[in-house]
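Heads up, the thing below is written out as structure tokens.
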Amino acid sequence: MVSAQVVWSKALPVIQEEVTPITYQTWIKDIRPISIEGEALILMAQNELYLSTLRRFYTTVITDCVNKANNSNYTVSFIIREEEPIVSVPVQNSSEQGVFFGVQSKYTFDTFVIGESNRFAHAAAVAVADNPASAYNPLYIYGGSGLGKTHILHAIGNYVHELHPEFNICFVSSEDFTNDVIAAIKYDTREELRRKYRNLDLLLIDDIQFIGGKEATEMEFFNTFNALHNANKQIVITSDQSPKDLPLLQDRLKTRFSWGITADIKPPDIETRIAILKGKAERDNFNISNDALLYMAEQYSANVRELESCYNRVVLYADFSKRSAIDRAFVETILKDYVSPEGKHMLTPDLIKQVTADYFGITVDDLVSTRRDKRIAVPRHIAMYLCRTLTNTSYPDIGKAFGGKHYSTVMYACDQIATEIGQRPDISTAIDDITNRLTNDFTV
Ligand code: ADP
Ligand code: MG
């Protein structure tokens with residue numbers, strides 16, 4: 001990715017040609033490029049006066065010149081460096097219902113299987129949920145992908161909400177937090193942003209590694225962290241690495257992450273994997289033999305998400321073939337390349353959604369959500385395109401399968417992917433790989 005510095009250094013001579021020398025000297029020359037966050041180029045002004053002048057009078061010309069010089073389509077946002085004094089938020093002692101957003105009710109401690117690999121993280125999470133802001137603050141959980149970090153984070157949220165319905169609780173991914181910060185800068189709604197995040201009793205922030213290198217977001221998070229911590233409010237953070245190993249994050253944040261307790265999660269052992277599968281089968285009321293469970297657990301050792309999607313596939317096919325009992329032979333067949341005489345006909349939007357989501361490491365819920373960040377929107381468009389090309393599903397029905405979207409949205413997505421296949425190797429590779437998986441692994 002190009003850096004803000006490079007983008008800005010190309011823009012400067014173009015701006016210089018557009019504005020008078022005195023304007024350039026006074027207002028432009030000391031602007032500091034900070035970062036590129038989403039579609040936004042973030043620039044820093046010296047102080048409030050510069051900030052308001054740049055915003056009012058120079059945003060358009062600067063934006064035009066930046067994009068002309070870089071052949072790009074950035075929006076330009078200005079910030080100033082704020083080291084906010086640490087002031088406590090007044091404690092609100094109300095018995096009313098608190099705000100409760102972002103937490104998914106399906107992830108609870110009840111459905112979380114404890115094993116050696118996650119025992120400590122689980123215990124720390126329960127301790128924090130039982131005594132918010134008095135056990136460990138912050139709680140920092142880290143580990144590889146698909147090992148249950150997000151699950152635990154939601155579980156803490158659900159548990160605390162049940163014990164303290166009056167608490168303000170928020171679960172947010174780092175990407176959504178970044179988007180909130182960018183929007184607040186762009187629309188000048190910093191106050192709202194602060195109200196949202198600083199009146200919380202419990203902030204659950206997922207995958208903090210993604211804010212690394214996004215300076216405006218880091219600054220806002222730093223200030224949010226200080227405000228909450230100082231007001232004795234609980235913060236729980238997850239990440240793919242330990243605080244000290246986070247490559248892009250500022251040291252002052254890393255230090256703060258180690259103030260409370262740090263717990264890692266490792267890949268589960270075979271007993272835990274079997275127990276996870278058993279739990280799911282029981283909840284879904286599926287009769288799966290022990291050796292079938294063992295066989296599945298043996299295939300996927302490093303990632304519970306993959307183990308789950310294997311389980312989902314098996315269950316999906318058991319449903320298709322109206323089987324009530326699943327044995328090892330059936331599972332082996334499903335997990336091997338197995339092609340039926342009917343060929344393509346068994347491909348359904350559900351299966352395509354599942355496989356596409358797995359491929360991109362997101363959830364089917366993400367895929368059918370209304371989220372617009374690229375990480376989710378591109379897979380969604382690809383999945384829609386595959387539904388259109390691999391099944392006989394109509395545009396309106398595809399729209400329905402993706403959370404009730406309008407058929408024109410689906411048409412637009414399909415057109416876009418069809419165009420991009422010829423231009424973007426990443427997209428054509430993804431489509432080939434997913435199609436291969438669908439036709440080799442799943443067609444019965
Ligand atoms: P991460 O955030 O670490 O990438 P997730 O929390 O999203 O992983 O977990 C991936 C999937 O695996 C989720 O559906 C989650 O419910 C499940 N999972 C992970 N660990 C466990 C566990 N110990 N018990 C039950 N389910 C688990
Ligand atoms: Mg996660």
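Order of listing sets the numbers, starting from 1, for every ligand and every atom in it. Since the model is a prediction, treat every value here as computed from it, not as a measurement.
Not one N or O of Ser145 is nearer than 3.5 Å to an N or O of ligand 1, by distance alone. The shortest N or O to N or O distance between Gly146 and ligand 1 is below 3.5 Å.
Thr217 and Glu37 are linked by a side-chain donor-acceptor pair at a separation below 3.5 angstrom, with hydrogens and angles left out of the test. Side chains of Ser289 and Asp291: a donor on one and an acceptor on the other come within 3.5 Å. No side-chain donor from either of Thr429 and Asp432 sits under 3.5 Å from a side-chain acceptor of the other. No side-chain donor-acceptor contact under 3.5 Å links Asn131 and Tyr136.
Closest to atom 21 (C) of ligand 1, if we only count protein heavy atoms, is Phe112 CE1, 3.7 Å. Taking atom 11 (C) of ligand 1 as the reference point, the nearest protein heavy-atom neighbour is Glu308 OE1, 3.3 Å. Arg305 NH2, 3.1 Å is the protein heavy atom nearest to atom 7 (O) of ligand 1. Counting protein heavy atoms only, atom 6 (O) of ligand 1 is closest to His151 N, 2.8 Å.
Near Tyr107, with a cut-off below 4.0 Å to any heavy atom, the atoms of ligand 1 are 14 (O), 16 (O). Taking every heavy atom of Val113 and a limit of under 4.0 angstrom, the matching atoms of ligand 1 come to 22 (C), 23 (N), 24 (N), 25 (C). Heavy-atom proximity to Thr111, at under 4.0 Å, picks out these atoms of ligand 1: 24 (N), 25 (C). Proximity to Gly144 (heavy-atom distance under 4.0 Å) selects the following atoms of ligand 1: 3 (O). If you number the atoms of ligand 1 from 1 as listed, the ones under 4.0 Å from a heavy atom of Lys149 come out as 1 (P), 2 (O), 3 (O), 4 (O), 6 (O), 8 (O).
Taking 4.5 Å as the limit, every side-chain heavy atom of Thr224 sits out of range of all side-chain heavy atoms of Lys196. No side-chain heavy atom of Gln299 sits less than 4.5 Å from a side-chain heavy atom of Leu307.
Neighbouring protein atoms of the Mg ion (ligand 2) (N, O or S, distance under 2.8 Å, waters ignored): Thr150 OG1.
At a heavy-atom distance under 4.0 Å, no atom of Asp207 approaches ligand 1.
Between Ser324 and Asn287, the closest heavy-atom pair is O-CB, 3.5 Å.
Within the structure, the ring pair (Phe, Tyr, Trp, His ring centres under 6.0 Å) test picks out the following pairs touching residues 173-212 (sequence neighbours left out): Phe177-Tyr197, Phe177-Phe221.
A search for side chain to side chain donor-acceptor pair (under 3.5 Å) contacts involving Asp130 returns Tyr159, not counting sequence neighbours. Judged as a ring pair (Phe, Tyr, Trp, His ring centres under 6.0 Å), and not counting sequence neighbours, Tyr142 has no contacts.
In this structure, the side chain of Arg273 does not engage the main chain of Ala302 through any donor-acceptor pair within 3.5 Å.
For His154 and Phe171, the gap between ring centers is short of 6.0 Å.
Taking only non-hydrogen atoms, the option from Asn118, Thr150, Leu147 nearest to atom 2 (O) of ligand 1 is Thr150. Relative to atom 9 (O) of ligand 1, the option among Gly148, Ser117, Ser239 with the closest non-hydrogen atom is Gly148.
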